[in-house]
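The block underneath contains the structure these notes are about, expressed in C-alpha cells.
The sequence lines fix the lettering, A, B, ..., with proteins before strands; numbering per chain opens at 1.
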Number of protein chains: 2
Amino acid sequence: MAANNPIAGLNKIFDNRIRLGVMSILMVNDAISFNDLKQMLEVTDGNLATHLQTLEEENFLKVHKGFVGRKTNTTYSVTRAGEKAFNEHIAALEKIIKGIK
Amino acid sequence: MAANNPIAGLNKIFDNRIRLGVMSILMVNDAISFNDLKQMLEVTDGNLATHLQTLEEENFLKVHKGFVGRKTNTTYSVTRAGEKAFNEHIAALEKIIKGIK
DNA sequence: TTGATTTACTTTGTAATTCAAAGTGCTTTT
DNA sequence: AAAAGCACTTTGAATTACAAAGTAAATCAA
C-alpha cells in the first residue's frame with residue numbers, strides 16, 4: 001500500500017457534492033429543514049431526498065419529524081458518527097490541499 | 001441563485017477522487033509517469049487511463065510521450081487551464097472547510 | 001532464441017450512481 | 001372548493017466508474 005496515497009483517507013459517501021454540501025451545512029446548523037437545504041443547495045427535491053436517504057442509511061444524519069402547529073416540519077441534523085466521518089474526510093482533504101501549497 | 005450555496009464553486013471533474021488525486025500529485029510534481037501515478041493512487045491501469053483521458057480531454061493535463069533509452073516513458077503534467085481550474089476547486093473546498101470550523 | 005515480464009494503454013461489459021420528472025398524501029392558503 | 005406548498009417516493013433514463021481482459025512494443029531472463 002502506498003503510504004503517500006493522497007486519496008486514501010477520503011470517504012466515498014462524501015465524494016458526491018450534494019452530500020458534501022448537506023453535511024457541511026448541518027455541521028454548523030442544527031436542525032435544518034428539507035426546504036432550507038433544497039434552497040441552499042439548489043437541487044430538486046427528488047434528488048435531495050435520495051441523498052438525504054443515503055446519508056441517513058449510513059447513520060450520518062438523523063431526521064426529526066416534528067410539527068409547526070399541525071403542519072409537518074422535518075428537520076435534519078448530523079449524528080455523532082456523521083460528525084466523525086465528516087471530520088475525517090475534511091482532514092484528508094486538508095492534507096491534499098496542504099500538499100499542494 | 002443561493003449566494004451561500006457551499007457547493008457552487010466545485011468543479012464536477014474533480015468530484016472524482018482519482019482525478020482529484022491525479023491533479024493534486026501533478027500540481028506539485030512535474031512530469032510524473034503513468035506507473036508512478038498508478039502506484040501512488042493504487043488504482044488499476046484501465047481505471048487510471050480513463051481518468052487521465054478525461055482530464056486530458058478537458059485540457060487539464062498534457063501528456064509527454066518520451067523515452068528512457070529506447071523504452072517508452074510517458075509522463076503527465078498539468079496545463080495552465082488545469083492549474084486554474086484546480087485552484088478554483090480547492091478554493092471552493094477551503095471555503096466549505098472554513099465554514100465548518 | 002524463446003518465453004516471461006513490463007509499460008501504457010484500449011476495449012468490453014457490468015454495476016453503480018446520479019438525476020429530473022412525475023406522482024402521492026397531507027396541509028394550508030385563497 | 002381549488003390551487004399551492006411540503007416532504008417526500010417512485011420511475012426510468014443517462015452517465016459514470018470500474019475491473020478484467022486484450023494489445024503492442026520493448027526489455028530481461030534462461
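In the region residues 48-65 of chain A, proximity to DNA chain C at under 4.0 angstrom, judged on heavy atoms, holds for A:H51. If you check residues 16-35 of chain B against DNA chain C, the residues with a heavy atom closer than 4.0 Å are B:F34, B:N35, listed by number.
Distance, A:D15 CG to C:dC19 P: 12 Å, rounded to whole Å.
Partners of B:H51 according to the ring pair (Phe, Tyr, Trp, His ring centres under 6.0 Å) rule, which considers only residues two or more places apart in sequence or in another chain, do not exist here. For A:K84, the side-chain hydrogen bond (donor to acceptor under 3.5 Å, both in side chains) criterion is met by A:E88, not counting sequence neighbours. Take B:K12 and apply the side-chain contact (heavy atoms from CB on, under 4.5 Å) test, not counting sequence neighbours, and it matches A:R17, B:D15. B:F86 is linked by a ring pair (Phe, Tyr, Trp, His ring centres under 6.0 Å) to B:F14, counting only residues two or more places apart in sequence or in another chain. Under the side-chain hydrogen bond (donor to acceptor under 3.5 Å, both in side chains) criterion, A:T50 pairs with no residue at all, not counting sequence neighbours. The side-chain hydrogen bond (donor to acceptor under 3.5 Å, both in side chains) test applied to A:E94 returns B:K101, not counting sequence neighbours. Taking the side-chain hydrogen bond (donor to acceptor under 3.5 Å, both in side chains) definition, one finds that B:D36 meets it with B:S33, sequence neighbours left out.
Bracketed by its first and final contacts, the part of DNA chain D lying under 4.0 Å from non-hydrogen atoms of chain B reaches from D:dA17 to D:dT27 in 5' to 3' order.
Note: the hydrophobic cluster containing A:V63 also contains A:L52 (ILVMFWY, side chain heavy atoms under 4.5 Å, direct or indirect links).
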Per-nt protein contacts along nucleotides 22-30 of chain C (heavy atom under 4.0 Å; B base, S backbone sugar-phosphate only, - none) come out as -----SS--
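Pairs of residues two or more places apart, or lying in two chains, never qualify as ring pair (Phe, Tyr, Trp, His ring centres under 6.0 Å) while including a residue from residues 26-48 of chain B.
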